[in-house]
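Lettering follows sequence order; numbering is per chain, from 1.
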Amino acid sequence: MNLVEETLKDAPKTPVQKYTAKDFQSDQDVRWCPGCGDYSILAQVQRVMPDLNIPKHNMVFISGIGCSSRFPYYMDTYGFHGIHGRAPAIATGLKIARPDLSVWVATGDGDGLSIGGNHLIHICRRNLNVKILLFNNQIYGLTKGQYSPTSEFGKVTKSTPYGSVDHPFNPLLVALGAEASFVARTLDRDPKHLQFVIKRAAEHKGTAFIEIYQNCNVFNDGAFFTFTEKDTKDDNVVFIEHEKPLIFGKERDKGIRLEGFTPSVVSLTDGKYSVNDLIVHNEKDTMLSFILARMSSIPNLPRPVGVVYAVERPLYEAEMSRQIHQAIQKQGEGNLEKLLNYGETWVIN
Amino acid sequence: MNKDLKNLDEVTIRFAGDSGDGMQLTGMQFTSTTALVGNDLSTLPDFPAEIRAPAGTTFGVSGFQIHFGSTEINTPGDMCDVLVAMNPAALKVNLRSLEDGGIIIANKDGFNEKNLKLAGYQSNPLEDGSLSKYQVHAVAITALTHNALADLGLSNKVIERCKNFFALGMMYWMFTRPLEPTIKWIQEKFKKTPELIEANTRVLKAGYAFGETTEIFAVRYQVKPAPLKPGRYRSITGNEALAWGLIAASVKSGLDLFLGSYPITPASDILHELSKHKNFRVKTFQAEDEIAGITSAIGASYGGAIGVTTTSGPGMALKTEALGLAVMLEVPVVVCNIQRGGPSTGLPTKTEQADLLQAVYGRNSEAPIPVIAANTPADCFFTAFESVKLALKYMTPVILLSDGYVANGAEPWLIPSVNSLPDIAPKFRTDPEGFYPYLRDEKTLARPWAIPGTPGLEHRIGGLEKQHITGNVSYDPENHEFMVKMRQAKVDRIADDIPLAQVEGDQKGDLLVVGWGGTYGAIKTAVDNKRREGRSVSHLHLKYLNPFQKNVGEILYNFKNILVPELNLGQLSKLLRAKYLVPTITLSKVQGLPFKSIEIENKIDELL
């Protein structure tokens with residue numbers, strides 16, 4: 001037993017009492033702009049936490065830099081506000097050292113996909129059991145309004161007065177390309193769905209990547225309103241669910257059908273196609289996950305929202321612990337005296 | 001045939017050949033055997049950055065120098081007495097390090113037209129008389145190796161690869177060393193390929209027998225054991241010692257060791273070494289980049305492990321921002337910079353000490369970090385141990401400076417007993433009563449280590465300025481200045497805790513030679529030599545570069561002149577002048593090579 005295990009041996013492994021959302025509110029004043037989508041994300045996370053059956057003292061929220069990265073200050077758990085882009089690497093070190101902890105990363109489109117893109121892809125491929133909430137508002141907020149790696153081509157911002165000539169990242173494709181074992185998208189303005197996805201991510205064993213469409217009402221107001229507002233949402237979002245056909249529309253009268261590898265919208269009322277012709281979502285289907293994620297960049301298709309991909313594969317930290325366990329079984333606990341005297345030695349009298 | 005046996009006090013041998021010729025291996029085998037027979041020794045591997053540079057070229061030459069003796073040995077030797085040259089390029093590159101009258105053992109078969117041309121020789125130096133001031137032994141090493149293995153049915157390629165052991169066998173004969181340790185090593189190394197055990201053993205023995213029977217060697221030499229302190233010894237390189245020092249600190253402290261590291265020359269061997277020792281619960285994480293190396297280590301430290309990252313200059317530059325974070329968070333992280341020639345990619349496989357100012361000052365804003373340096377390969381063990389100890393006690397990142405010369409060099413090491421190592425007794429905060437993340441220990445000014453998983457201590461930390469005591473984010477002007485001074489005061493206080501600096505030689509005098517890190521052996525040899533001549537010169541070697549030990553100023557003021565030899569343009573000089581307002585004389589060398597003691601002796605002569 002090391003000193004950490006020794007020190008924490010009596011700490012409760014499950015909550016002593018049932019928490020409420022309020023138990024997860026820290027004593028710090030929340031300093032996001034009034035009306036920011038971050039408030040909703042914070043509230044939904046705080047609402048979901050009591051359901052996870054994890055004691056607060058075993059939870060750690062880690063962030064980088066940016067508006068979203070202030071998140072840990074507002075959670076009454078352990079919190080770590082790191083440096084720009086590095087939260088996944090900090091989380092990796094912590095999770096390897098302490099597999100017993102529930103580790104969460106709060107990041108943004110700039111923090112996670114620009115300066116920290118490297119760490120993000122590597123945590124995904126390694127599959128540490130860390131939950132990543134990427135707040136995508138398609139703008140740099142904290143630096144006051146430059147375009148981000150998810151801003152659309154042609155975006156006019158302070159740093160692109162003639163329009164951005166950068167092609168944007170699709171965060172879901174980045175995560176899938178990096179072989180994250182759980183990839184989902186949800187909306188700041190859909191609390192129920194947001195809660196559902198956070199909970200699914202929490203239950204997933206492995207790196208869970210969630211892209212959250214988040215409104216920056218100061219520098220990029222309404223960027224996602226087509227997908228989040230009542231009038232337009234139903235016709236522009238398809239909520240995907242495991243083993244269910246892709247149906248959407250205010251009257252649930254439209255669906256997504258595959259022609260070859262290309263998804264297209266079909267009507268369910270003109271007699272040509274029925275529900276049986278539609279894509280049935282399968283979270284474990286790797287090829288399908290790419291097709292669904294690609295839909296975001298095909299004009300006239302609704303945005304897929306929900307759990308795009310969820311599979312289980314070996315956890316990095318568990319594999320490392322297994323190797324350590326095996327080494328100890330095979331060679332015995334490390335003995336310093338033996339190590340120092342290992343190999344060729346000689347005695348001088 | 002009877003041959004003369006001559007006694008020598010010390011010898012320096014350099015093995016040189018193509019980087020594919022196995023010269024490092026040959027040198028290391030000679031080193032192990034020499035250590036086993038009880039000589040004191042010091043080594044200098046010198047290899048190109050390219051893994052296999054084109055054969056026969058001068059830039060592809062790989063060398064390994066060993067200095068051993070029956071007396072105390074502190075450097076790998078200024079000049080060599082024996083040069084083993086496997087081809088013309090090896091001769092060309094290394095001839096300037098050979099003493100006049102020194103011995104050259106050349107592989108005659110390697111001196112063919114093609115290789116001579118590649119090395120830029122117009123005529124064959126083995127035949128044209130240009131080496132007349134040396135004792136040249138041209139031996140058909142390749143042919144003799146082929147002869148020894150003729151009946152084994154091995155491919156030419158495999159046979160060629162054995163020829164270094166012929167040279168090694170000859171050197172074992174010439175310096176009366178036993179073959180058994182290397183034979184044992186061969187048996188272990190090639191246990192899965194018995195034909196290679198047979199081949200290498202045969203060639204090694206053939207080389208030895210050649211020395212015995214041929215007429216070209218009339219003399220063999222004996223170097224008696226050195227009067228080392230009694231006890232059990234082993235040979236150890238700097239990087240091995242550093243890795244083991246970290247493991248020792250982990251064992252003593254009861255904390256797991258976490259290494260986050262990105263491969264970089266010449267630090268990678270620490271990652272390799274630590275990766276072997278999983279039964280010590282060492283967790284090694286080969287990160288995606290240098291930044292992830294250090295930030296993962298910070299994450300692990302935050303969780304209650306000893307977080308370590310290892311790197312060299314360019315990697316150190318990349319870690320800079322994270323070092324500032326560690327200063328702000330006040331978490332124990334050990335950052336090992338195995339310095340190499342720079343700037344930028346510089347000279348990856350060569351040594352230099354030019355990252356001192358980077359270590360002491362190289363961060364944005366006021367970000368004090370303790371800096372300590374290793375003097376010799378074996379000293380890396382204690383330096384690593386000490387780094388962890390300071391990091392844990394003061395809740396601070398610590399920078400450990402080593403260099404390519406110390407890291408790859410080897411020396412005999414009197415194995416310490418585990419009980420003799422100092423205790424490390426870290427404590428985690430567990431009591432929620434009166435807990436504040438930045439409420440400091442009165443004596444050390446360290447903040448509490450409150451690890452996740454502790455009930456009731458949930459708190460938030462980060463890179464934003466902290467309010468004194470509470471650790472809450474604070475933009476208050478007075479608080480910021482207070483905290484800047486507090487972080488500095490904490491590091492300064494370490495000076496009260498570390499042992500006083502010790503002068504080697506008289507406490508007062510005409511000249512004090514002040515060094516740090518890997519120049520220890522060269523300075524010590526130079527100062528010892530000059531003291532034997534009756535000169536008033538002493539040696540001060542600084543292990544602690546930030547903060548300096550409390551008595552450093554007092555020591556400096558006791559000497560008329562201060563000479564600071566450094567493998568940079570005078571970085572320690574700058575620090576000493578700034579802190580103690582003393583004039584210093586810099587002896588600078590920036591060639592990717594360590595000092596020769598003669599270079600320091602010449603400077604001492606000039607000054608006295």
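- Note on A:V16, A:I65, A:N341: by heavy-atom pairs under 4.5 Å with chain B, the leading option is A:N341.
- The closest side-chain heavy-atom distance from A:Y78 to B:L457 is below 4.5 Å.
- For the atom pair CD1 (A:I324) and CG (B:D256), the distance works out to 7.0 Å, reported to the nearest 0.5 Å.
- When the candidates B:V251, B:L325, B:L414 are compared by the number of heavy-atom contacts under 4.5 Å with chain A, B:L325 comes out ahead.
- Looking at B:N472 and A:Q28, their side chains do bring a donor and an acceptor atom within 3.5 Å of each other.
- Heavy-atom distances place the backbone of B:T284, and not its side chain, under 4.5 Å from chain A.
- For B:T454, the parts sitting under 4.5 Å from any heavy atom of chain A are the backbone and the side chain alike.
- Between chain B and the residues A:I121, A:N335, A:D10, the most heavy-atom pairs under 4.5 angstrom are made by A:N335.
- Contact annotation: the side chain of A:L94 never approaches that of B:I298 to less than 4.5 Å [non-hydrogen atoms, C-beta and beyond].
- Heavy-atom pairs under 4.5 Å with chain A were tallied for B:A248, B:P230, B:G231, B:G307; the largest tally goes to B:G231.
- Summarising the geometry, atom CE belonging to A:M320 is positioned 14.0 Å from atom CZ belonging to B:R281; distances are rounded to the nearest 0.5 Å.
- Using a 4.5 Å cut-off between heavy atoms, B:P225 makes no contact with chain A at all.
- There is no contact between B:W185 and chain A, counting heavy-atom distances below 4.5 Å.
- Interface residue B:A450: only backbone heavy atoms are found under 4.5 Å from chain A.
- For the pair B:P452/A:H57, no side-chain contact is recorded, criterion being any heavy-atom separation below 4.5 Å from C-beta on.
- A:F80 and B:Y302 have perpendicular rings, their planes meeting at more than 60° on a 0 to 90° scale where under 30° would count as parallel.
- Of the atoms belonging to B:A297, not a single heavy atom falls under 4.5 Å from chain A.
- In this structure the side chain of B:P455 never reaches within 4.5 angstrom of the side chain of A:P55, judged on heavy atoms.
- With chain B as the partner, the residue from A:L340, A:N2, A:D100, A:V347 showing the most heavy-atom pairs under 4.5 Å is A:L340.
- For chain A, the nearby part of B:F258 is the side chain; its heavy atoms alone come within less than 4.5 Å.
- In this structure, OG1 on A:T92 lies 5.0 Å from CZ on B:F285, to the nearest 0.5 angstrom.
- Among the candidates A:V60, A:N349, A:N58, A:D76, the residue making the largest number of heavy-atom pairs closer than 4.5 Å to chain B is A:D76.
- Two residues are said to be in side-chain contact when any heavy atoms from C-beta on lie closer than 4.5 Å; B:R460 and A:H81 fail this criterion.
- In this structure, chain A has a heavy atom under 4.5 Å from the backbone of B:S253, while its side chain stays farther away.
- Of the atoms belonging to B:L36, heavy atoms from both backbone and side chain fall under 4.5 Å from chain A.
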